[in-house]
Amino acid sequence: MQTLTASTSVSSIQRHTPRRTGRSGSLSFSARAVSSPPRAPAPSRFVRGADAAPAKPLIAVPKAPAVERQEKKLNFFQRAAATALDAFEEGFVANVLERPHGLSRTVDPAVQIAGNFAPVGETPPVQALPVTGRIPPFINGVYARNGANPHFDPVAGHHLFDGDGMVHALRIRNGVAETYASRFTETERLQQERALGRPMFPKAIGELHGHSGIARLALFYARAACGLIDPSRGTGVANAGLVYFNGHLLAMSEDDIPYHVRVTDDGDLQTVGRYDFDGQLECPMIAHPKLDPATGELHALSYDVIKKPYLKYFYFKADGTKSADVEIPLDQPTMIHDFAITENYVVVPDHQVVFKLQEMLRGGSPVVLDKEKTSRFGVLPKCAADASEMVWVDVPDCFCFHLWNAWEEEESDEVVVIGSCMTPADSIFNESDECLESVLTEIRLNTRTGESTRRPILALSEQVNLEVGMVNSNLLGRKTRYAYLAVAEPWPKVSGFAKVDLATGELTKFEYGEGRFGGEPCFVPMDPAASRGEDDGYILTFVHDEAAGTSELLVVNAADMRLEATIQLPSRVPYGFHGTFVTGKELESQA
């Protein structure tokens, strides 16, 4: 194994810790908003150290909110209903059902949004970012990364996945780091909550468990019935994935349809609105659609936790035309966060983490590890007319939160799937005494015999937790030799990333250094016409130095894993989720 280190300086962290009550293990919260600077008409220039001093609290009641608040006008009945429901929330839900009981670490805001997981305010475009080293001139476009950034202080339990979506974008052109900006994705949910001055939509993971979760659902539906909120306009947070397709940069989470976010000429980010593909999409879409590099088609799944069909597959042609839905029969609603494509097939996981809403009646979480269920993968032709064409292959005791690639091997009638097998399977959602392991694994599905095999790609002596990452996107769905994945240690932080030879198991690490952590490595491939190989390209990734209080973007040569350039950022970038690179040509063709 080869290990390389980065001498990086990375931005300022201001810690947010929810106020604890006198009761051990209990928490008390108030609804406050993240303070953000107002939207500026023109970009500002980078001033070194301007964000280093914590001049004001990270979370505070904003005197000048990022977007001018539009007060929701209520009639007499609505005002009375709002007062009564607020009193019920505070007097019964909070004081009786929640505060007397401690929170597990998986939904404790003091854990989930502590340190550099804490939210930040928006940053209008800042120009002329300082660069150490040399940015390769072929990198021309915008690196955009999504993440959860709660606008309001949690009022109850909160999971990292619950926060409002915020996109961080850095424009690079001709070897210059031109601009950096960060903006909330203006979801319908966020706009309604901002108008009301407090969180009103339930947190899907942090709040919806046990009897208090049932009560918060009842509150939500009661407020909707009274016209205080309108869930028909969307309930999603758009905080997980980003994909550029057919002129649209789409911010996604699996609880809603995507949001169209536009990169402006001055490097700012503008939310255009919910994007239903011109009225074609009527259901939520998971945050990891797959863009086929050969056809330009976008393949996607949608799952439902309440009613059948629990799972649907569909795709969009390169011009944005949607296919018919293929309803995939499942016995119970299942957590399907990701899937894979090959040249001719989609590969759908049906694993052991399922939704059982009745568990809330027993005081538990609706996200459950079903140990009686056998995990399996379904292989379906991309253009299948219905699910009868799907071949299911059992892969016992397998849970892959993310899949990195898949391809066909005709000589053996096998589909090869590369993913990170996670144990305990539900540890992201439910507290566990076991240490989380995420093992990079090769899974072989024989569609003729129905048999499967799997093997860890790394030698036991070199095993590390590998999560969030990618292969060369120009080869998605085709056999690849390399994967670039985050080293998720100490979990859930990311201390570096690794280049893995999927054939030999050779591991080359790029480590950020002591006290420095980052997130997903984003591979920017060389133009295929000029490429000298699969690993001809560069890795872009945000890194934060927890001691120095600085954040940076690193540019690393993907072939030799050497640091090429470091771009200093004007403000703190929290640890986040997934990103993408939008080329200069794509920016010019934005809708």
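The side chain to side chain donor-acceptor pair (under 3.5 Å) with T334 is formed by just one residue from the set H351, Q352, K373; it is K373. Each of Y313, F355, Y310 was compared with Y303 under the ring-ring contact (aromatic ring centres under 6.0 Å, His included) criterion, and only F355 meets it. Remark: of the listed residues Y575, Y512, F517, Y575 is the sole one forming a side chain to side chain contact (heavy atoms under 4.5 Å, CB included) with H544.
One distance of note links CG of N146 with CG of L250; it measures 11.0 Å at 0.5 Å rounding. Put simply, OH on Y180 and CZ on F542 are 6.0 Å apart, with the number rounded to the nearest 0.5 Å. Rounded to the nearest 0.5 Å, atoms CG (L554) and CZ (F497) are 8.0 Å apart. Here the straight-line distance linking atom CD1 of I567 with atom CG of L170 works out to 5.0 Å at 0.5 Å rounding. The OG1 atom of T187 lies 8.0 Å from the CZ atom of F201; values are rounded to the nearest 0.5 Å. Atom OG of S473 is separated from atom NZ of K290 by 11.5 Å, given to the nearest 0.5 angstrom.
Listed here is the closest heavy atom pair of P492 and F117: CG-CZ, 3.9 Å. Across all their heavy atoms, F377 and V347 have their closest contact at CD2-CG1, 3.8 Å. Of all the heavy atoms in A144 and V167, the pair that sits closest is CB-CG1, 4.1 Å. H337 and I286 get closest at one heavy-atom pair: O-CD1, 3.8 Å. When all heavy atoms of C398 and V395 are compared, the pair lying nearest together is CB-O, 3.3 Å. Residues L476 and P293 approach most closely at O-CD, 3.5 Å, considering heavy atoms.
Q332 and D370 share a side-chain donor-acceptor pair at under 3.5 Å. For the 3.5 Å distance criterion, the side chains of T480 and N405 qualify, holding a donor opposite an acceptor.
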Note to self: Evaluate V468 against L485 for side-chain contact (heavy atoms from CB on, under 4.5 Å), listing each step before the verdict.
What the structure shows: CA-CA 6 Å; V468 296; L485 303 169; over 6 Å; no
Next item on the list: Take V494 and T541 through the test side-chain contact (heavy atoms from CB on, under 4.5 Å) and record every step on the way to the result.
Entry: CA-CA 11 Å; V494 170; T541 186; over 6 Å; no
Note to self: Could you walk me through whether V524 and Y143 satisfy the side-chain contact (heavy atoms from CB on, under 4.5 Å) test, starting with their C-alpha distance in whole Å, then the side-chain angles of each, then the deciding distance to 0.1 Å, before giving a yes or no?
What the structure shows: CA-CA 9 Å; V524 181; Y143 170 55; over 6 Å; no
Check: Can you check side-chain contact (heavy atoms from CB on, under 4.5 Å) on Y484 and M561, steps first, answer last?
Finding: CA-CA 11 Å; Y484 296 87; M561 297 286 280; 4.2 Å; yes
Next item on the list: Could you walk me through whether D545 and R516 pass the salt bridge (Lys or Arg N to Asp or Glu O under 4.0 Å) test, one step at a time?
Entry: CA-CA 4 Å; D545 188 315; R516 296 183 173 96; 2.9 Å; yes
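Salt bridge D560/K499: absent, no basic N to carboxylate O contact under 4.0 Å. We find that E442 and R444 are joined by a salt bridge, their nearest charged nitrogen and carboxylate oxygen being less than 4.0 Å apart.
Residues E511 and S495 have side chains not in contact (no heavy-atom distance under 4.5 Å, counting atoms from C-beta outward). Side-chain contact between V464 and K509 is present, with heavy atoms from C-beta onward closer than 4.5 Å. Between M470 and E520, some side-chain heavy-atom pair lies under the 4.5 Å cut-off. The shortest side-chain heavy-atom distance between H168 and L569 does not fall under the 4.5 Å cut-off. V237 is not listed as a side-chain neighbour of D162, based on a closest heavy-atom distance of 4.5 Å or more. Contact annotation: the side chain of Y482 approaches that of D501 to within less than 4.5 Å [non-hydrogen atoms, C-beta and beyond]. By the 4.5 Å heavy-atom criterion applied to side chains, H578 and H402 are counted as neighbours. Put simply, the side chain of V417 does not reach to within 4.5 Å of the side chain of C400, judged on heavy atoms.
T342 places no side-chain N or O within 3.5 Å of a backbone atom of W407 that could act as its donor or acceptor partner. Not a single donor-acceptor pair under 3.5 Å links the side chain of E359 to the backbone N or O of P366. Checking side-chain atoms of S461 against main-chain N and O of A459 turns up no donor-acceptor pair under 3.5 Å. Under a 3.5 Å cut-off, the side chain of S302 and the backbone N or O of P284 do form a donor-acceptor pair. Here the side chain of E467 pairs no donor or acceptor atom with the backbone of S438 at under 3.5 angstrom. S182 contributes a side-chain N or O that, together with a main-chain N or O of T123, makes up a donor-acceptor pair within less than 3.5 Å. Looking only at distances, no side-chain donor or acceptor of N149 sits under 3.5 Å from a matching main-chain atom of F184. Of the possible donor and acceptor atoms, one in the side chain of D108 sits under 3.5 Å from a partner among the backbone N and O of A110. Checking side-chain atoms of R572 against main-chain N and O of P119 turns up a donor-acceptor pair under 3.5 Å. Counting only distance, with no hydrogens or angles, the side chain of R189 and the backbone of T235 share a donor-acceptor pair below 3.5 Å.
The 12-atom threshold is exceeded at CD of Q358, counting heavy atoms of other residues, nucleotides or ligands nearer than 6.0 Å.
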